[in-house]
Every structure is written in C-alpha cells, then in structure tokens.
Participant: 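Sharing a structure with you now.
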Amino acid sequence: MHPRKRDFFDKQVRRVLSRMPEKVRRMLDEVPLHVEDAPPSWLRHELGIGHPLGLLGCFSGVPLDGILRRSGNGLPTMITLYRGGLIAASRDREGRLDKEILLEQIRTTILHELGHYHGMTESDLETLGY
C-alpha cells in the first residue's frame, strides 16, 4: 500500500478513536489495536476467506470469558484492523473511496472486535448489527 494511502487511513483510525466514548477507549487500553495492510494468508485460510480484501478486522487471543472461540489463539490478545479490506468496503457505487463510509466501517469493525474480546460470538454480534 502506498505510504500516503496508509497515512490517510491511519489518520481516519485516530479520528474514529477520538470520537469513541471514553469507556470504549479504556477498553482499548486492555486490548491493543494494531493496523495492517492485509491479513496473512494463514489467517485467511484458517477463516475460509479467499481474498485478502475480504477481512476487515480480527480479534486474536483469549477473550475476557476465557473461552477460546476464534483463530489466532496462540497469538497475543489484540485487535487488528486491515486497511485493504476496510478501504475496499468503503467504496461508493462508482468505486471511489467514501470517507464517511470508511469512518463508519472503522468504528463498526473496532466495536465488532471488542465484542469478541468480551466473549460475543458472530451470531451475537450479528443480532446487535455488528
């Protein structure tokens, strides 16, 4: 990914985080947030995701309830956002990046992955709209 695009994306993450409620920001003190361009191929394979842009984020490690449900359980507890997937999911009908959609995608992905940290399943999160 081009460094300018990477810098733009990272600024949007900081913008989203600055708008999050204080409680959410405190949760992120407990579980680190990392940003990568794309998920590694082993993770895509493990999750059954073929395309590198098909994953927006991932929680790895042990959730607060201690029940191992997700991939990457040998990894440290953390949330990873994937720039490529989030940017791809934030394009308008003409294929242009929509900054407002990107901000919402980042926010939703962070909250989704924090839900996993708190022991929620994909089904639980889907019910909540995440």
Side-chain angles (χ1 to χ4, degrees):
M1 181 173 289
H2 191 277
R4 256 188 287 156
K5 191 180 243 185
R6 193 175 283 135
D7 288 343
F8 168 79
F9 182 90
D10 293 351
K11 285 178 187 173
Q12 302 317 303
V13 171
R14 287 190 296 275
R15 186 174 175 195
V16 167
L17 291 172
S18 73
R19 294 177 176 179
M20 291 274 192
E22 183 61 31
K23 270 186 166 179
V24 173
R25 288 196 304 262
R26 279 196 307 263
M27 285 181 215
L28 290 168
D29 288 340
E30 299 171 22
V31 56
L33 177 67
H34 294 271
V35 182
E36 301 289 337
D37 287 347
S41 59
W42 67 263
L43 179 61
R44 290 193 339 262
H45 176 74
E46 190 173 308
L47 296 175
I49 297 171
H51 198 280
L53 301 180
L55 189 60
L56 308 184
C58 184
F59 168 75
S60 62
V62 181
L64 287 176
D65 64 6
I67 300 169
L68 301 178
R69 291 189 186 94
R70 298 271 321 234
S71 64
N73 289 320
L75 296 175
T77 299
M78 67 181 174
I79 291 170
T80 306
L81 299 179
Y82 297 110
R83 291 181 190 100
L86 284 159
I87 289 171
S90 302
R91 300 217 176 261
D92 64 16
R93 292 178 187 205
E94 287 78 39
R96 297 176 299 225
L97 179 64
D98 184 315
K99 188 173 165 182
E100 293 307 312
I101 294 173
L102 177 62
L103 292 170
E104 182 58 24
Q105 288 286 355
I106 292 168
R107 185 187 78 77
T108 300
T109 302
I110 290 170
L111 294 174
H112 179 100
E113 302 308 335
L114 276 172
H116 286 308
Y117 174 61
H118 284 86
M120 299 176 88
T121 65
E122 287 295 327
S123 179
D124 297 333
L125 291 162
E126 186 176 313
T127 299
L128 293 172
Y130 290 102

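Just so you know, these numbers use all the heavy atoms, side chains as well, and skip hydrogens, waters and symmetry mates. Count residues from 1 along the sequence.
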Participant: Between Glu113, His34, Met27, which is the residue that forms a side chain to side chain contact (heavy atoms under 4.5 Å, CB included) with Ile79?
Facilitator: Glu113

Participant: Pro52 and Pro39: which non-hydrogen atoms are nearest, and at how many Å?
Facilitator: O-CD, 3.3 Å

Participant: Report the distance from atom CD1 of Ile110 to atom CZ of Arg25, rounding to the nearest 0.5 Å.
Facilitator: 11.5 Å

Participant: Atom CG of Leu125 and atom CD of Glu122: how far apart are they, to the nearest 0.5 Å?
Facilitator: 6.0 Å

Participant: Rounded at 0.5 Å granularity, tell me how far CG in Asp98 sits from CG in Leu103.
Facilitator: 9.0 Å

Participant: What residue among His118, His116, His112 forms side chain to side chain contact (heavy atoms under 4.5 Å, CB included) with Phe59?
Facilitator: His116

Participant: With the 4.5 Å side-chain cut-off for hydrophobic clustering, are Phe8 and Ile101 part of the same group?
Facilitator: no

Participant: Checking Gln105 against Ile87 for the side-chain contact (heavy atoms from CB on, under 4.5 Å) test, could you report, in this order, the C-alpha distance in whole Å, the side-chain angles of both residues, the deciding distance, and whether it holds?
Facilitator: CA-CA 9 Å; Gln105 288 286 355; Ile87 289 171; over 6 Å; no

Participant: Shared ILVMFWY cluster between Leu86 and Leu111, side chains joined below 4.5 angstrom?
Facilitator: yes

Participant: Between Arg96 and Glu94, which heavy-atom pair has the shortest distance, and what is it?
Facilitator: NH2-OE1, 3.0 Å

Participant: Okay, side chain of Ser18, backbone of Arg15: is any donor-acceptor separation there less than 3.5 Å?
Facilitator: yes

Participant: Indicate, with yes or no, if Tyr117 and Met78 share a hydrophobic cluster defined by side-chain heavy-atom contacts under 4.5 Å among Ile, Leu, Val, Met, Phe, Trp and Tyr.
Facilitator: no

Participant: Could you tell me the separation between the CG atom of Leu102 and the CZ atom of Arg91, rounded to the nearest 0.5 Å?
Facilitator: 9.5 Å

Participant: For the residue pair Thr127 and Asp124, confirm or rule out a side-chain donor-acceptor distance under 3.5 Å.
Facilitator: no

Participant: Measure across Leu55 and Tyr82 and return the closest heavy-atom pair with its distance rounded to 0.1 Å.
Facilitator: O-CB, 3.5 Å

Participant: Return yes when atom CD of Glu104 has more than 12 non-hydrogen atoms of other residues, nucleotides or ligands closer than 6.0 Å, and no otherwise.
Facilitator: yes

Participant: Same hydrophobic cluster for Met120 and Leu33, using side-chain heavy-atom links shorter than 4.5 Å among ILVMFWY?
Facilitator: yes

Participant: What distance separates Leu47 CG from Cys58 SG, expressed to the nearest 0.5 Å?
Facilitator: 6.0 Å

Participant: Please report the interatomic distance NZ(Lys5) to CG(Asp37), rounded to the nearest 0.5 Å.
Facilitator: 10.0 Å

Participant: Are Met20 and Leu28 grouped together when hydrophobic residues (ILVMFWY) are joined by side-chain heavy atoms under 4.5 angstrom apart?
Facilitator: yes

